[in-house]
Amino acid sequence: MVDERTITEGNCTDIYFDRTMAALKQDGRNPVVTAEITASSLPSEWGVFCGLNDVVTLLEGTNVSVSALPEGSIFYPGEPVIRIQGPYLAFCRLETALLGFICHASGIATSAARIKAAAGDRQVLSFGSRRQHPAIARMIERAAWIGGVDGVSNTCAPGNMPVVGTIPHALIMCYGNAEDAWAAFDRSAPPDVPRVYLCDTYCDEKREVLAAARAGATAVRLDTPRSRRGDMRAILEEVRWELDVHGFEKVGIFLSGGLTIDDVCAYRDIVQAFGIGGAIANAPVIDFSLDIVEIEGTPVSKRGKKSGVKEIYAGPGIRVVRPAVLPPPEGAQALLEPYIKGGVVIGPCAMDAARARVRAGILSFSASEK
Ligand code: PCP
């Protein structure tokens with residue numbers, strides 16, 4: 001396993017950066033550059049920028065200055081999300097880790113935000129830390145939380161976000177039947193843990209949800225295996241009907257197991273909460289790349305990229321990337337903020353402020369937009 005020190009010291013890198021450094025050092029060349037990090041395309045129309053906290057930790061104490069979009073900002077293809085200025089050798093070897101931080105975290109935060117936007121007032125819970133290496137569970141839950149999920153399942157989640165979950169199939173199998181397992185869970189769990197009872201282990205959902213409701217469930221969780229999901233909509237409607245007709249209108253339906261954003265859209269009218277694993281934790285990464293755009297004050301670029309330092313401007317009806325040397329469009333303000341000056345951290349990366357930014361950003365999108 002690669003430890004934190006190896007990463008922060010730049011020793012988890014692509015070897016071509018070592019070759020680059022060797023060549024530059026041999027010739028005493030270390031130009032002062034400006035580099036920008038941009039995604040030319042995204043898996044969806046917009047993305048959520050996340051992972052800056054780790055970038056700031058990585059670059060703290062190096063001889064660079066950094067400006068960036070605040071975490072949780074909605075961004076679009078072609079917008080520079082981070083600007084790094086300093087001698088190239090100060091950050092050359094850190095590019096691999098730096099991009100890895102934001103590519104992965106932004107992918108997860110983007111997927112979580114899209115799913116939460118689709119779910120509207122229905123709860124979305126992050127159940128997917130088991131889909132990735134446990135060493136990155138904190139990052140997954142942090143990015144999912146910033147993206148807008150209502151709770152996460154992993155006990156290593158950072159901060160004070162709700163850590164939620166009740167029982168797996170394993171508990172029911174250990175008791176040999178659902179009723180005894182639910183009762184054991186009820187006796188052992190603190191009173192503030194919602195009594196969400198899993199209802200699909202041995203019997204038909206319709207029978208088990210009524211038994212669960214009679215046993216005191218506040219919600220029933222259906223994790224129906226794909227092999228049994230002939231028509232999940234029909235199963236959900238039948239379950240809802242039987243709960244209602246037997247006087248359990250307040251018992252909610254919690255759905256989990258291989259769900260995608262399309263399932264959330266299909267069932268959000270009848271399901272109160274969604275447990276989502278892989279669709280968040282295995283989200284496609286955002287393909288950010290780092291490009292030098294200025295060397296010793298002269299605008300430069302490789303083919304296919306625009307030279308010179310850029311700024312993102314936003315205002316009422318305005319969202320545009322312009323050369324930073326030009327005046328801003330009227331009524332618009334620059335979005336990149338300073339985070340590091342000469343190696344000294346000057347800007348915080350607060351998780352809950354980032355989450356609030358996502359929420360404010362996606363409120364302007366309709367629930368049907370994906
Ligand atoms: C786990 C959990 C959710 C799954 C993971 C979410 O399922 O119960 O349904 O992850 P996904 O969206 O990637 O499927 P199982 O591994 O079946 O867990 P268990 O049987 O222990 O409840």
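As the structure lists them, so they are numbered: ligands from 1, and atoms in each ligand from 1.
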Nearest to [atom], what protein heavy atom do you find, and at what distance?
{"atom": "atom 21 (O) of ligand 1", "answer": "Pro168 CB, 3.3 Å"}
{"atom": "atom 7 (O) of ligand 1", "answer": "Arg130 NH1, 3.9 Å"}
{"atom": "atom 4 (C) of ligand 1", "answer": "Arg131 NH2, 4.0 Å"}
{"atom": "atom 20 (O) of ligand 1", "answer": "His169 ND1, 2.4 Å"}
{"atom": "atom 9 (O) of ligand 1", "answer": "Asp223 OD1, 2.3 Å"}

### Query
Any N or O on Gly277 sitting closer than 3.5 Å to an N or O of ligand 1?
yes
#### Entry: Polar atom proximity, Ile276 to ligand 1 (N or O, under 3.5 Å)
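Among all N and O atoms of Ile276, none is under 3.5 Å from an N or O of ligand 1.
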### Any side-chain donor near an acceptor of the partner, Asn53 and Arg142, under 3.5 Å
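Arg142 and Asn53 do have a side-chain donor-acceptor pair below 3.5 Å.
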Considering only heavy atoms of [X], which atoms of ligand 1 have at least one such atom less than 4.0 Å away?
{"X": "Ser256", "result": "9 (O)"}
{"X": "Gly257", "result": "9 (O), 14 (O)"}
{"X": "Gly278", "result": "11 (P), 12 (O), 13 (O)"}

### Message
For Phe254 and Tyr197, I'd like to know if the aromatic rings sit close, meaning centre-to-centre distance below 6.0 Å.
### Response
no
### Asp200: which of His169, Arg228, Arg221 passes side chain to side chain donor-acceptor pair (under 3.5 Å)
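Of all the options given, the one that passes is His169.
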### Query
With the threshold set at 4.0 Å, does a side-chain nitrogen-carboxylate oxygen contact exist between Glu179 and Arg207?
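A salt bridge links Glu179 with Arg207.
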### Task
Report yes or no: does a heavy atom of Gly258 sit under 4.0 Å from some atom of ligand 1?
yes
Please check this pair: side chain of [X] against backbone of [Y], looking for a donor-acceptor N/O pair closer than 3.5 Å.
{"X": "Ser111", "Y": "Gly107", "value": "no"}
{"X": "Ser188", "Y": "Ala184", "value": "yes"}
{"X": "Glu71", "Y": "Ala350", "value": "no"}

### Query
Do the non-hydrogen side-chain atoms of Lys305 and Ser40 ever get within less than 4.5 Å of each other?
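The answer is yes; the side chains approach within 4.5 Å.
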### Query
Considering only heavy atoms, does Arg221 approach ligand 1 within less than 4.0 Å through its side chain, its backbone, both, or neither?
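Looking at Arg221 and ligand 1, just side chain atoms fall under 4.0 Å.
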